[in-house]
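Here's the structure we're looking at; comments come further down.
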Amino acid sequence: MRRILIKNLLNSDHPQAEVRACGWVRTRRDAKGFSFLEVNDGSCLKNLQVIVAEDSPAFAALHEATTGAAVAIGGALVASPGAGQKWELKAAALEVLGPADPESYPLQKKRHSDEFLRTIAHLRPRTNKYGAIFRIRSEAAFAVHRFFRERGFFWLHSPILTGSDCEGAGEMFRVTTLPHAAPPPGGEDPFAADFFGREANLTVSGQLEAELFATALGNVYTFGPTFRAENSNTPRHAAEFWMIEPEMAFADLNDDMDLAEELVKAMTTHVMEHCREDLDLFARFVDKELMRNLEAIAAEPYVRLPYAEAVAILKRSGRAFEFPVDFGADLQTEHERFLCEEHFRKPVIVYDYPREIKAFYMRLNADEKTVAAMDLLVPRVGELVGGSQREERLAVLERRIAEAGMAAKPYWWYLDIRRFGSVPHAGFGLGFERFLMMATGVGNIRDVIPFPRTPKHLEF
RNA sequence: UCCCCGAUAGCUCAAUCGGCAGAGCGGGUGGCUGUUAACCACUAGGUUGUAGGUUCAAGUCCUACUCGGGGAGCCA
């Protein structure tokens with residue numbers, strides 16, 4: 001008999017005489033004459049309550065059905081006389097597919113700390129909280145694709161391996177097939193004997209490739225893993241993380257801010273509509289304010305604030321910041337938090353940053369002092385989105401590359417786009433894990449990605 | 001990379017001034033006619049992160065290291 005997902009059994013609108021359910025035992029409660037098994041198959045947060053009576057053939061295997069064991073149960077889905085669940089499964093047959101030694105199985109019914117669960121990341125999805133996180137993660141990814149598809153964007157598979165060593169988004173991971181022990185002789189090209197015959201790295205961003213395709217397909221987005229070899233040790237950074245990077249042709253900074261706001265709202269709304277039960281767990285145990293915050297993020301317009309005004313607000317605040325606020329200096333974490341958590345109490349988009357503190361490819365504004373860049377800041381998470389209108393004027397871009405002290409030659413293809421049919425275009429990057437932190441209230445990026453990669457951590 | 005805090009049973013934590021290392025949960029055994037973070041009784045479980053030092057005596061004080069957490073920088 002084919003198994004039925006527990007999610008579907010629990011949503012049944014009628015009793016069923018013969019069903020088969022499979023899953024992992026969360027806990028067993030023995031009474032005189034029968035036992036209750038709580039079985040979870042990952043299809044939803046809730047467990048299926050299974051009744052195993054002493055006089056049932058299922059009883060023989062019960063002693064092995066301990067916490068963590070994989071079981072298959074055949075029986076009748078009947079209305080539960082007890083409070084707390086609508087349906088329960090009266091077992092006629094019980095098979096323990098994979099036992100779990102209760103002495104050494106590390107998960108117990110009671111709450112574990114996130115720190116401990118990180119050390120058993122292979123088992124943590126079997127807990128309520130992590131099961132919920134990764135169901136939400138899957139649904140949020142679906143929301144991304146749905147959002148862009150509905151708007152005529154094409155999903156661009158930007159490369160993971162890249163030959164450009166100068167994307168300016170942070171330290172890169174080197175990719176090589178050369179043996180460790182054989183450093184190339186001095187003077188020669190150290191990469192000549194390597195797989196690609198030149199330096200290769202893992203991508204830090206698909207933006208440049210997305211720009212190329214935006215000038216052909218119009219509107220595109222990338223959604224995949226990116227890699228940064230920064231020695232960042234914070235709850236908001238990982239060496240491998242997923243990023244969503246849309247790029248629009250014939251678009252300016254206002255279009256860019258509109259798109260970012262719409263995307264965050266659509267992802268939030270989608271998760272609220274499709275992950276109600278899982279989100280509830282976070283609203284109850286992780287962040288009491290969660291639902292109210294998400295409703296505001298999904299519905300209220302975001303503040304749009306030129307950088308110069310942000311600086312003025314911070315100066316007027318009378319707040320003693322650890323780092324002084326001044327035009328020309330980048331906003332510090334404490335400044336960003338003040339703006340969106342205390343002053344406005346909602347998401348804030350800061351735009352038109354001083355040119356000196358932003359990347360070379362951002363479009364120079366008419367004032368020649370600022371660039372058309374924007375950051376979307378959200379309470380608790382900080383920078384969720386960073387984007388800009390791109391510099392489409394060849395001469396200006398070449399000047400900016402020179403000013404940044406960079407060589408123009410490796411960018412020949414990037415500059416070609418400005419030579420042939422150049423158009424105004426804009427895009428941004430949204431950190432997928434940071435969105436998940438915002439959506440669930442989880443405070444550490446390592447807990448919203450299945451197998452976190454951070455400095456000195458590559459287990460699993 | 002810098003600053004701060006921490007590490008005691010499988011997990012979460014206690015241990016007063018430096019003086020016998022404990023509890024809850026989890027595990028095991030038994031009990032209980034419907035439980036649902038079940039309940040009741042009994043029970044096993046420890047090189048106090050590692051290495052050194054001070055002391056009659058160190059979980060407790062000192063030094064170094066390892067690991068974990070928080071904050072900062074870098075960013076998404």
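To find a chain, count down the sequence lines: A is the first, B the second, and so on, and within it residues start at 1.
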Expressed in whole Å, how much space separates the C1' atoms belonging to B:C20 and B:A15?
-> 12 Å

Using whole Å, report how far CD of A:Glu115 lies from C1' of B:C11.
-> 12 Å

Mind checking the P distance from B:U8 to B:U48? Whole angstroms is fine.
-> 11 Å

Heavy atoms under 4.0 Å, any strand shown: does A:Asn47 hit a base, just sugar-phosphate, or nothing?
-> nothing

Could you give the distance separating B:A72 and B:C11 at their P atoms, to the nearest angstrom?
-> 30 Å

Can you tell me if NZ on A:Lys7 sees more than 12 non-hydrogen neighbours from other groups inside 6.0 Å?
-> no

Taking atom C1' in both B:U1 and B:U60, compute the distance separating them and give it to the nearest angstrom.
-> 32 Å

Quote, to the nearest angstrom, the P distance that separates B:U50 from B:G46.
-> 15 Å

Does a side chain donor of either A:His425 or A:Glu392 reach within less than 3.5 Å of an acceptor in the other side chain?
-> no

Expressed as a whole number of Å, how far does the P atom of B:G22 sit from that of B:G59?
-> 13 Å

Between B:G28, B:C74, B:G34, which nucleotide has the shortest distance from any of its atoms to the side chain of A:Pro102?
-> B:G28

Using atom CD1 of A:Ile120 as one end and atom P of B:C11 as the other, report the distance to the nearest whole Å.
-> 9 Å

Contact check, residues 276-286 of chain A vs RNA chain B, heavy-atom distance under 4.0 Å, returns none

A:Phe153/A:Phe223 aromatic ring centres below 6.0 Å | no

If only side-chain N and O atoms of A:Gln332 are considered, is one of them under 4.0 Å from the OP1 or OP2 phosphate oxygen of B:G73?
-> yes

Convert the base pairs of RNA chain B into dot-bracket notation, remembering that pairs crossing earlier ones are written with [ ] and that bases paired across to another strand are shown as |; include only Watson-Crick or G-U pairs under 3.5 Å.
-> (((((((..((((.....[..)))).(((((.......))))).....(((((..]....))))))))))))....

Expressed in angstrom and rounded to an integer, what is the separation of A:Glu38 atom CD from B:G34 atom P?
-> 16 Å

Within a reach of under 6.0 Å around NZ of A:Lys86, are more than 12 heavy atoms found that belong to other residues, nucleotides or ligands?
-> yes

Nucleotide B:G34, atom C1' - distance to CG of A:Leu37 in whole Å = 14 Å

Please state how far atom CG in A:Asp101 lies from atom P in B:G27, giving the value in whole angstrom units.
-> 11 Å

Consider only side-chain N and O atoms of A:Arg26 and A:Asn128, and report whether a donor and an acceptor are under 3.5 Å apart.
-> yes

Stacking check: are the rings of A:Phe432 and B:A76 less than 5.5 Å apart at their centres and under 30 degrees in tilt?
-> no

Pick from A:Glu247, A:Gln389, A:Met248: which one makes a side chain to side chain contact (heavy atoms under 4.5 Å, CB included) with A:Asp256?
-> A:Met248

Position toward the 5' end of RNA chain B (nearest nucleotide), A:Ala83 or A:Asn233 = A:Asn233

How is A:Arg446 classified with respect to the nucleic acid when contacts are heavy atoms under 4.0 Å: base, sugar-phosphate, or nothing?
-> sugar-phosphate

A:Phe116 CZ to B:A9 P, in whole Å, measures 12 Å

Separation of B:U12 P from A:Asp114 CG (nearest whole Å) | 11 Å

Ring centre gap for A:Phe344 and A:Tyr302 strictly below 6.0 Å | no

Scan residues 442-451 of chain A for pairs that pass salt bridge (Lys or Arg N to Asp or Glu O under 4.0 Å), counting only residues two or more places apart or in two chains.
-> A:Arg118-A:Asp447, A:Arg124-A:Asp447

Spacing of the P atoms in B:G28 and B:G10 (rounded, Å) | 16 Å

Ion pair check, A:Lys315 and A:Asp326, cut-off under 4.0 Å = yes

Syn or anti: how is B:C17 classified when any glycosidic angle within 90° of 0 counts as syn?
-> syn

d(CZ, A:Phe36; P, B:G34) in whole Å = 8 Å

Compute the ring centroids of A:Tyr361 and A:Tyr414, then answer whether they are less than 6.0 Å apart.
-> no

